[in-house]
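Being a predicted model, the structure only gives us computed values, none of them experimental.
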Amino acid sequence: MTLPSGTYSTSDLSRKSGDIIAEALRRPVTITQRNKPRLVLLAIEDYQRLRHRADTRTVGTLETMPNSLLAEVEDAVTAYASTDESGQP
């Protein structure tokens, strides 16, 4: 089986680590295990760029929601509940 360019097996990694690392400094390299992608090697600059662009949202609960936002949500729910199907009060 021929692997796509930039893709190496874990066996390749142990035998040709220097060449694979050199390639990973130029572009991301996929490491496979039992013909399944398992790891990606990439330059630290690429990793840092990905981390910087990553979604930084966090999950919250009603208990951690600021009171002002909770009040707005409660007002919106109350307003919605007091309308009929046509949107009229």
| task | Report the C-alpha distance between Ile21 and Val29 in whole Å, list the side-chain angles of each, state the deciding distance to 0.1 Å, and finish with yes or no for side chain to side chain contact (heavy atoms under 4.5 Å, CB included). | result | CA-CA 8 Å; Ile21 290 170; Val29 170; over 6 Å; no
In a table with atom names and distances, give each donor-acceptor pair under 3.5 Å that connects a side chain of residues 65-74 to protein atoms at least two apart or in another chain.
none

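Think of Ile44 as one node in a network of Ile, Leu, Val, Met, Phe, Trp and Tyr side chains linked at under 4.5 Å; its network also takes in Val40, Leu42, Tyr47, Leu50.
Applying the side-chain hydrogen bond (donor to acceptor under 3.5 Å, both in side chains) test to pairs two or more places apart or on separate chains, those with a residue in residues 15-27 are Ser5-Arg27, Tyr8-Glu23, Asp12-Arg15, Glu23-Arg27.
The OG1 atom of Thr10 sits 8.0 Å away from the CD1 atom of Ile31 when rounded to the nearest 0.5 Å. Atom CD1 of residue Ile20 and atom OG1 of residue Thr30 lie 11.0 Å apart, to the nearest 0.5 angstrom.
Glu63 is linked by a side chain to side chain donor-acceptor pair (under 3.5 Å) to Thr61, counting only residues two or more places apart in sequence or in another chain.
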